[in-house]
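Take a look at the structure set out below.
Because the structure is a prediction, the values reported are computed rather than measured.
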Amino acid sequence: MESRAAVDDAALGREAWAVLDANWTGSATVPAPGLYPHQWNWDSTFVAIGLARWDTRRAGTELLSLLAGQWSNGMVPHIVFRPVRAEAYFPGPSVWRSRDHRSAPNGVGTSGLTQPPLHALALWWIWRYATDRDTATALVRRLYPMLVAQHDYLATVRDLGGGGLAAIVHPWESGMDDSPVWDAPLEAVPPAGTPYRRAESSEGRPGGHQDRYVALALRYRDSGYEAAYLRDEHPFAVEDPMFNGIWLASCQALAELAPVAGADPGPHRVAVERIRAALLERLWADGLFRARDLRGGGLSPVCTIGCFGPLLDRELPADHVAELVGVLESPRFMGAAGYPVPSCEIRAQEFDRSCYWRGPSWVNTNWLLRRAAAVHDLAGLVRVLGASTLRLVRQAGFRECFDPFDGSGRGSRDFSWSAALTLDLLADTVEG
């Protein structure tokens, strides 16, 4: 007789699939119905990861549709716009004007920014868990050169500090848009004359800096998206440990995928060593990795979930792993939260349990930390993060984020990465 837990898992899985099917456009998955009508970079990549163990072809299609928006310089944009609702979200194609740039793809409207380079890790996840090996092999061979170009772009255009790390040039590039880590760097950015208008409700969004988000986007656009402008003039440049930790993990993934694509893994292994050395030299302080503001100088004093990104490196020195895990499991984060992991340390002045990326728990960052725990053989932490994340979605549904104290849902409903990553977590709890 089937256990109650198995029945509950099966029901949750069916609910997750229903969300993903409802948000499917035929070639990509939008993050949430109505509110986010286009294809977002980080969102689609997490969707591909969540689908990898269940549907190789659809997971691959998610990445292929996203990379159809890749620029010829290797940059993978943070939004690929759907023409049917092109201006349904601000800022839309008329603001970004990618069509005017020589590197942008023809016939595909995109933003001019990027997001964390999780794509090679997602491709490796699809390869590792492929239900259709021939499809997965063809996918690796097709996407591998695109991902190499993406990594070359980060290593050349985005090494604004000259130390081997990639810099983000807008908070949106972090994937953690409203993190308090960006508050200080944004102070140096003059507000735009164009007001910031969100398609979704402003509930849960902090005030104060939102017009500066527009200002940064417009300044970069008006430069012609030029690399020299980023290096010499752009007022926001931050080396983010989560972004670079993901980049390192994706370099490790490319090294493993290279033989499948008939390529040499050596350059990716060199990149891994370079990024690890730069992370330790430039961002490590007081037992954590901290964001470095390249314009204002110095490391951020605010401890957020981004500080743990380099744990994704399976070869991170053991003493650094121990210190990071000690902070993660302390009352600053998991030790005081009923539903880990809060996106900002609880004792920080900036902590806000209901404000985007300033306190709430997110399924995607929980998944990343669970993956990090797995590569370091921290079985207990893997179990806790998996069980607590499933408890969140069972209690509150597939919400955008969750209150870390009572588990109540925040943000939009029927959120795609919450549903997709639930499928991945369930794959570890069901037979077959």
Side-chain angles (χ1 to χ4, degrees), residues 13 16-31 38-71 74-82 105 107-108 110 114-151 175 246-247 249-263 265 268 364 367-368 371 416-428 432:
W17 276 110
V19 167
L20 295 173
D21 287 343
N23 294 350
W24 175 246
T25 68
S27 62
T29 307
V30 300
H38 304 296
Q39 185 176 21
W40 263 259
N41 181 325
W42 220 23
D43 298 71
S44 266
T45 311
F46 281 117
V47 168
I49 288 171
L51 293 172
R53 304 201 206 195
W54 307 90
D55 190 334
T56 301
R57 190 172 299 277
R58 182 163 161 181
T61 299
E62 198 75 39
L63 292 183
L64 287 167
S65 62
L66 176 64
L67 286 161
Q70 185 175 29
W71 291 27
M75 193 273 289
V76 180
H78 94 292
I79 303 175
V80 176
F81 292 104
R82 297 177 61 210
V108 181
T110 78
T114 191
Q115 276 191 325
L118 187 63
H119 314 86
L121 181 60
L123 181 59
W124 178 81
W125 205 255
I126 294 170
W127 167 255
R128 176 184 178 185
Y129 291 111
T131 56
D132 181 339
R133 180 58 62 188
D134 291 341
T135 296
T137 300
L139 183 69
V140 170
R141 291 173 178 168
R142 183 171 177 182
L143 292 186
Y144 178 83
M146 300 181 188
L147 299 179
V148 170
Q150 177 197 36
H151 286 223
I246 287 172
W247 185 23
S250 276
C251 288
Q252 290 174 328
L254 280 183
E256 297 194 26
L257 292 171
V260 183
H268 307 304
N364 68 324
W367 187 92
L368 286 171
R371 170 63 187 161
S416 290
W417 80 32
S418 297
L421 295 175
T422 293
L423 289 176
D424 186 78
L425 294 174
L426 288 174
D428 285 336

Side chain proximity check, [X] to [Y], heavy atoms < 4.5 angstrom:
X: P265; Y: E256; result: no
X: P31; Y: W417; result: no
X: T131; Y: D55; result: no
X: L66; Y: W42; result: no
X: R53; Y: D428; result: yes
X: L254; Y: L147; result: yes
X: P105; Y: Q70; result: no
X: Y144; Y: V148; result: yes

Rounded distance (nearest 0.5 Å) linking atom [atom1] of [X] with atom [atom2] of [Y]:
X: L51; Y: T61; atom1: CG; atom2: OG1; result: 9.5 Å
X: M146; Y: H151; atom1: CE; atom2: NE2; result: 13.5 Å
X: L257; Y: S250; atom1: CG; atom2: OG; result: 9.5 Å
X: L123; Y: R142; atom1: CG; atom2: CZ; result: 12.0 Å
X: W40; Y: F46; atom1: CH2; atom2: CZ; result: 16.0 Å
X: L67; Y: S44; atom1: CG; atom2: OG; result: 10.0 Å

May I ask you to check whether Q150 and H119 show a side-chain donor-acceptor distance below 3.5 Å?
-> yes

Does a donor on one side chain and an acceptor on the other come within less than 3.5 Å for W127 and T137?
-> no

Begin with the C-alpha distance, continue with both residues' side-chain angles, and end with the deciding distance and a verdict on side-chain contact (heavy atoms from CB on, under 4.5 Å) for L421 and N364.
-> CA-CA 7 Å; L421 295 175; N364 68 324; 3.9 Å; yes

Backbone N or O of [Y] within a donor-acceptor pair of the [X] side chain at under 3.5 Å?
X: E62; Y: T29; result: yes
X: S65; Y: S27; result: yes
X: H268; Y: C251; result: no

Please report the shortest heavy-atom distance between [X] and [Y], naming the atom on each side.
X: G69; Y: T110; answer: O-CG2, 3.7 Å
X: S416; Y: V47; answer: CB-CG2, 3.9 Å
X: A16; Y: A419; answer: CB-O, 3.5 Å
X: A68; Y: V108; answer: O-CG2, 4.1 Å
X: H38; Y: I79; answer: CB-CG2, 3.8 Å

Take L143 and L63 through the test side-chain contact (heavy atoms from CB on, under 4.5 Å) and record every step on the way to the result.
-> CA-CA 9 Å; L143 292 186; L63 292 183; 3.9 Å; yes

Cationic N near anionic O, under 4.0 Å, R57 to D134 = no

Report yes if the distance between the aromatic ring centroids of W125 and W54 is under 6.0 Å, otherwise no.
-> no

More than 12 foreign heavy atoms under 6.0 Å from CZ of R58: is that the case here?
-> yes

Given side-chain contact (heavy atoms from CB on, under 4.5 Å), test I126 with T56 step by step and report yes or no.
-> CA-CA 6 Å; I126 294 170; T56 301; 4.1 Å; yes

From CA spacing to verdict: side-chain contact (heavy atoms from CB on, under 4.5 Å), L121, I246 = CA-CA 8 Å; L121 181 60; I246 287 172; over 6 Å; no

